[in-house]
Enquirer: 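Input: one structure, supplied below.
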Amino acid sequence: MDYKFSEIEGKWQQFWAQNGTFKAENSYNKPKYYVLDMFPYPSGAGLHVGHPLGYIASDIFARYKRLTGFNVLHPMGYDSFGLPAEQYAIQTGQHPAITTTNNINRYREQLDRIGFSFDWSREIKTSDPSYYRWTQWIFQQLFNSWYNTAIQKAEPIENLIAIFSQQGNASVKAACAETPEFTALQWNELPAKEQQKILLNYRIAYLADSWVNWCPALGTVLANDEVKDGYSERGGHPVEQKLMKQWSLRIAAYADRLLASLNDLDWTDPIKEMQRNWIGKSEGAAIQFSLVDHAKKIEVFSTRPDTIFGATFLVLAPEHELVNQITKADYKDAVAAYQKSAAIKSERDRMSDVKTITGQFTGAYVHHPFLDVQIPVWIGDYVLASYGTGAVMAVPAHDARDYAFAKHFNLNIIEVVAGGDISIASYDAKEGLLLNSDFLNGLTVKEAVKKVIAAIEAAEIGKGKINFRLRDAIFGRQRYWGEPIPVYYQDDIPYLIEQKDLPLTLPSIDKFIPTEDGEPPLARAHDWKYKNEFAYETTTMPGWAGSSWYYLRYMDSQNEQVFANPAALKYWNQVDLYIGGSEHATGHLLYARFFCKFLFDLGYLTFDEPFKKLINQGMIQGRSNFVYRVNGTNQYVSFDLKEQYQTTALHADVNCVENDILNIPKFKASFPEFANAEFILSAGKYYCGFEVEKMSKSKYNVVNPDDIIQRYGADTLRMYEMFLGPLEQSKPWNTNGIEGVHKFLRKFWKLFHNDQFDFQVADAPASKQENKALHKLIKKVQEDIERFSFNTSVSSFMICVNELQDLKCNNKSVLQDLVILLSPYAPHISEELWALLGNSAGSLSTTKFPVYNPEFLVEDEFSYPISINGKTKINLAISLQLNQQSVIDLVLANAEVQKYLEGKIPKKVIFVKGKIINLVV
RNA sequence: GCCUGGGUGGUGGAACUGGUAGACACGCAGGACUUAAAAUCCUGUGACCCUUAUCGGUCGUGCGGGUUCGAUUCCCGCCCCAGGUACCA
């Protein structure tokens, strides 16, 4: 039989599904291995060829682990809450649940065709009430906990209440909002409502004022992505920064632990580095500056308190709460105007635009803490309200942004650390001796930091402080398509709904947009009241709520009593291998770590890091094709001739192009605009240009895996995706090379068949060369899988099959081992051949991986490259048995080497056994 | 702007710890088989120079410098591209 991939693939996919081949065993005595993919958001566009890249890699690994004796958990599900479904609902009125179900069904169909070894019996959907019930349950635990910084651990809020009623809050060390001190007696006499208000300052899930992008015209909060240059992407309405009460989580309390335990994770250094920078631990001091003619003080945070004598002005964020109180009458209008202009800029715009320097003097002054001088107070949008205290002491001589600000507004610059030339630029390095600094003069930066902090603390104007860039996470969203927050309000105080009332399901509403008063969509729900009486919270949870703990649910996905039973949690434990994109480096991965630590603190987990090993697959970009329209005509000129004309480049659908040559009839049919197109050809062909861009519908560069599978089969798709390049690297999709991989599978198939395509293998013992080819491959494939270098193992398969073909090998034992080696990569063809070889169907996935025998690979000679001054001249085959001196003697005696030496005697001979010989003359 | 990664033939990439740059494929060119096509197989294929052809030589891993017997690999400076930048997922 010829290689009929679609028959074979359909047959085995059905077999696996019917026999539950990849169901993880529930016996907890076998060694386990947990391989997880970042689950997809089911978008309306379906899967494109970029999505399966990571899934194929993890599938190869999961299948490999099964072959090496592990009980493998390899589940899949959907992150199915999200904005696109909601926006589609706003446009069309269709309920997001319907859209989502349709999309999930389509995803499932597409995934099934690729032949993954997922355990579908554990499938989860974050938008399913049976799942989000537990997301809500976790929120309740967060609400019912406080963070005890004395022991660096979350604890039940009852513990805190007990402490309050016995000793007040003076001794409590907690991550909390600023709370006045009270005694036990005062606490016990407080009305319940007041007690609840105070507790809200301590809860890990709490309400707080946060800055958001507010669009008055749409009556909604927008993501930074939805804001372009101060206007909403949808509708182009103005957007401003607004303070809003929002649910938040105290992730910042975990900053130190999130930082510390990074060290023990088997993640790549870049990802760890990104998280470290994101958490952004910096040591410095909080310093208070007292205002001239005003009782208030301005607190700044500085990582360079040593430069305090160089501070020549303060800069507050335009939103800083003191700005309006301290601004002098003459400056009110200018300050208000500046605040307004800053309010329309997003935080990202403010950070990236460093070239335009803007700011405004407030008319106010503060006293320098150690000098008898007054320094002016400015506002400037390079200072962010959300970092530190929202105020900086500007030391222009030693900070680049302060320097630019001072130059622009002609403010004083005082050098206090020697080493730079402050007439040209600021000197930011932390090296050099202090000058112009009173009691710090002559000290190094390090010494000065210590001494000045001591002085600040002695004068009671501040203290040494560790500051984190990581902010608490805003947890409320003004959206419909997310988990309802399981909270109701009584007397303006939030309370949890009872656990027995979970899940709190999404109410049905007429429209998915905010109400006319700018309330979130859930406020549209009629008669939606807790116990028919109390108003529910109307914001929903963010997209990352469900994805922060889903890996736990897979361990016991059907459980209705608990989020997962303790025995399952203990056995499956951490995810051993997690594969997904690096775009989640600081979002999802940080939140999931936070949830894990929190659940660990409460005793639900026995581990406090979710993902032991992490691999980031690169992004598959699109490869767009272009045609070139001669301006003002409907003529299109071939890429290589386009310089002779004035042209406009237009996207051509990549499905009308093969190897950059345009299929003209297909192209004409692709768009009415092109129906009457004329072409200026080059040698009878129309060559298209190309460019690498994001894969998207609008760029006509989306390649659908279904099309590839139909044409070449899933095994070809799987191997080609791996062959494309290193897993971690981003690369453009290009279908051009796929023939090579397909040809390889046909050749592989042919090894088992005679010229008439009858299955035929021989029982004879393997020859030396056959064994060599096989064992070279076993070694290579094993090494490659373990270092996730799948592209190179595909090459090795090709090399091996080419060798066996040359050897006319049809030896059964060699070929059977080859089938096992290939099975993680191309499971369908392997199952088929495995069965043809006489093995019982389906047993391939749990058979044993072949063992490498080094004896077959022993070499006794090596062809040394002989180079002179580092340039290779000739190759000489020399025995590997000889010692260094004999090899060198042999080389120097060689006539050809002598020719190159031209009678000169080498000054030095470099000999690296089995690698190279270099003669230096 | 800041953080992180990347840049090697016409194309995707290989070279794992500093040791023969371009494995394996695609494409292209030429050939075999065929009435023809498809499929399959064989040969060549980084650029330039020399040569009738061989033989041979020079250059070459984004750009400019450095370390080394030897650099795609290590160090310094720059350019370009991609991802993230806290309410996209």
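In the text below, chain A, chain B and the rest are named by the order of the sequence lines, each starting its count at 1.
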Enquirer: So which nucleotide from B:C41, B:C16, B:A23 ends up closest to the side chain of A:R787?
Expert: B:C16
Enquirer: Do A:D225 and A:R348 sit within salt-bridge range, that is, some charged N less than 4.0 Å from a carboxylate O?
Expert: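 A:R348 and A:D225: salt-bridged.
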Enquirer: Provide the distance between the two P atoms, one in B:G62 and one in B:U8, to the nearest whole Å.
Expert: 6 Å
Enquirer: Quickly work out the A:M38 CE to B:A89 P distance and round it to whole Å.
Expert: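 These atoms are roughly 15 Å apart.
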Enquirer: Go through B:A89, B:C59, B:G84 for me and flag the one nearest to the A:T586 side chain.
Expert: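 Out of B:A89, B:C59, B:G84, the nucleotide with an atom closest to A:T586's side chain is B:G84.
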Enquirer: By nearest heavy atom, map A:G740 and A:D79 onto RNA chain B; which one lands nearer the 5' end?
Expert: A:G740
Enquirer: In terms of the angle between their ring planes, are A:F39 and A:Y550 parallel, tilted or perpendicular, with boundaries placed at 30° and 60°?
Expert: parallel
Enquirer: According to the Watson-Crick and G-U wobble definition with distances under 3.5 Å, which dot-bracket string, read 5' to 3', encodes RNA chain B, using [ ] for crossing pairs and | for pairs with another strand?
Expert: (((((((..(((......[....)))((((((.......))))))((((......))))..(((((..]....))))))))))))....
Enquirer: Quantified in whole Å, what is the P atom distance between nucleotide B:G77 and nucleotide B:G5?
Expert: 15 Å
Enquirer: Roughly how many Å is it from CD1 in A:I916 to P in B:A21, rounded to a whole number?
Expert: 8 Å
Enquirer: By nearest heavy atom, map A:S80 and A:K873 onto RNA chain B; which one lands nearer the 5' end?
Expert: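 Comparing both residues, the 5'-ward one is A:K873.
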Enquirer: Kindly point out which of B:G13, B:A86, B:C24 is positioned nearest to the side chain of A:R471?
Expert: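 Looking only at side-chain atoms, A:R471 lies closest to B:A86.
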Enquirer: When you check the phosphate oxygens OP1 and OP2 of B:C26, does a side-chain N or O of A:K743 lie under 4.0 Å from one of them?
Expert: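 For A:K743, the contact criterion (side-chain N or O under 4.0 Å from OP1 or OP2 of B:C26) is met.
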Enquirer: Can you confirm whether A:K228 is buried at NZ, in the sense that more than 12 heavy atoms of other residues, nucleotides or ligands lie under 6.0 Å from that atom?
Expert: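 Yes, enclosed.
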Enquirer: In whole Å, measure the gap between the P atoms of B:G70 and B:U20 for me.
Expert: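 Each nucleotide's P atom is 15 Å from the other's.
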Enquirer: Atom NZ of A:K915 to atom P of B:G19: distance rounded to whole Å?
Expert: 6 Å
Enquirer: Would A:F5 and A:Y712 satisfy ring pair (Phe, Tyr, Trp, His ring centres under 6.0 Å), going step by step from the backbone distance to the final call?
Expert: CA-CA 8 Å; A:F5 53 84; A:Y712 299 102; 7.7 Å; no
Enquirer: Report the nucleotide, chosen from B:G19, B:A21, B:A86, that has the shortest atom-to-atom distance to any side-chain atom of A:T872.
Expert: B:A21
Enquirer: Run the salt-bridge test on A:E803 and A:K776 with the 4.0 Å N-O cut-off and return the result as yes or no.
Expert: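 The answer is yes: the pair qualifies as a salt bridge.
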Enquirer: Please confirm whether A:F797 and A:Y825 have ring centers closer than 6.0 angstrom.
Expert: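 Close enough - the centres of the two rings lie under 6.0 Å apart.
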Enquirer: Below 4.0 angstrom, N of the basic side chain to O of the carboxylate: do A:E783 and A:R787 qualify?
Expert: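 Answer for the salt bridge query: no.
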Enquirer: Contact class for A:G581 (heavy atom, under 4.0 Å): base, sugar-phosphate, or nothing?
Expert: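 If one applies the 4.0 Å heavy-atom cut-off, A:G581 turns out to touch nothing in the nucleic acid.
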Enquirer: On a whole-Å scale, what distance lies between the P atoms belonging to B:G65 and B:A53?
Expert: 36 Å
Enquirer: Among the candidates B:A25, B:U20, B:A89, find the nucleotide nearest to the side-chain atoms of A:N802.
Expert: B:A25
Enquirer: Can you tell me, in whole Å, how much space there is between the P of B:A36 and that of B:C49?
Expert: 40 Å
Enquirer: Using 30° and 60° as the class boundaries, would you call the ring planes of A:F595 and A:F475 parallel, tilted or perpendicular?
Expert: tilted
Enquirer: For each nucleotide in nucleotides 69-82 of chain B, reading 5' to 3', give B when a protein heavy atom comes within less than 4.0 Å of its base, S when such contact involves only the sugar-phosphate, and - otherwise.
Expert: B------------S
Enquirer: Parallel, tilted or perpendicular: which one describes the rings of A:W749 and A:Y3, with boundaries at 30° and 60°?
Expert: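 Ring orientation of A:W749 relative to A:Y3: tilted.
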Enquirer: Nearest whole Å is fine: how far is B:U85 P from A:H588 NE2?
Expert: 14 Å
Enquirer: Flag the pair A:E319 and A:K345 as a salt bridge only when some basic side-chain nitrogen lies within less than 4.0 angstrom of an acidic carboxylate oxygen.
Expert: no
Enquirer: Using the C1' atoms only, state how far B:U73 lies from B:U67, rounded to an integer number of Å.
Expert: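 Those two atoms are separated by 13 Å.
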Enquirer: Nearest-Å distance, CZ (A:F5) to C1' (B:A39)?
Expert: 14 Å
Enquirer: Give the nucleotide from the list B:A86, B:G12, B:C88 with an atom nearest to the side chain of A:L83.
Expert: B:C88
Enquirer: To the nearest Å, how far apart are A:L470 CG and B:U85 P?
Expert: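 Interatomic distance, CG of A:L470 to P of B:U85: 14 Å.
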Enquirer: Indicate, with a heavy-atom threshold strictly under 4.0 Å, whether A:Q246 touches base, sugar-phosphate, or nothing.
Expert: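 Base contact.
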Enquirer: Provide the distance between the two C1' atoms, one in B:A86 and one in B:A15, to the nearest whole Å.
Expert: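 Nearest-Å result for B:A86 against B:A15 at atom C1': 40 Å.
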Enquirer: Just how far, in rounded Å, is P of B:A86 from NE2 of A:H584?
Expert: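 Taking NE2 of A:H584 and P of B:A86, I get 15 Å after rounding.
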Enquirer: With a 4.0 Å limit, can you tell me whether A:N791 has a side-chain N or O closer than that to the phosphate oxygens OP1/OP2 of B:G12?
Expert: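 No, because none of the side-chain N or O atoms of A:N791 sits under 4.0 Å from OP1 or OP2 of B:G12.
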Enquirer: Can you tell whether the side chains of A:K125 and A:D79 come within less than 4.0 Å, N to carboxylate O?
Expert: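 So A:K125 does not pair with A:D79 through a salt bridge.
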Enquirer: Where the side chain of A:N224 is concerned, which of B:C24, B:C16, B:A86 is the nearest nucleotide?
Expert: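 From the listed options, B:A86 comes nearest.
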Enquirer: Could you check if the base of B:G27 is syn or anti? Syn means the glycosidic torsion is within 90 degrees of 0.
Expert: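 Base orientation relative to the sugar is anti.
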Enquirer: Pick the P atom in B:C55 and in B:G46, then give their distance to the nearest Å.
Expert: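 Their P atoms lie roughly 14 Å apart.
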Enquirer: Side chains of A:Q275 and A:R593: is there a donor and an acceptor less than 3.5 Å apart?
Expert: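 Short answer, yes.
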Enquirer: Is it the case that the ring center of A:F468 lies less than 6.0 angstrom away from the ring center of A:W278?
Expert: no
Enquirer: For side chain to side chain contact (heavy atoms under 4.5 Å, CB included), just list the numbers for A:F911 and A:V891, CA-CA rounded to whole Å, side-chain angles, deciding distance to a tenth of an Å, and then say yes or no.
Expert: CA-CA 11 Å; A:F911 171 79; A:V891 168; over 6 Å; no
Enquirer: Reading nucleotides 1-7 of chain B from the 5' end, what letters show protein touch, with B for base, S for backbone sugar-phosphate only, - for no heavy atom under 4.0 Å?
Expert: B-SSS--
Enquirer: Between atom CG in A:L53 and atom P in B:G12, what is the gap in whole Å?
Expert: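 Roughly 16 Å, once rounded to whole Å.
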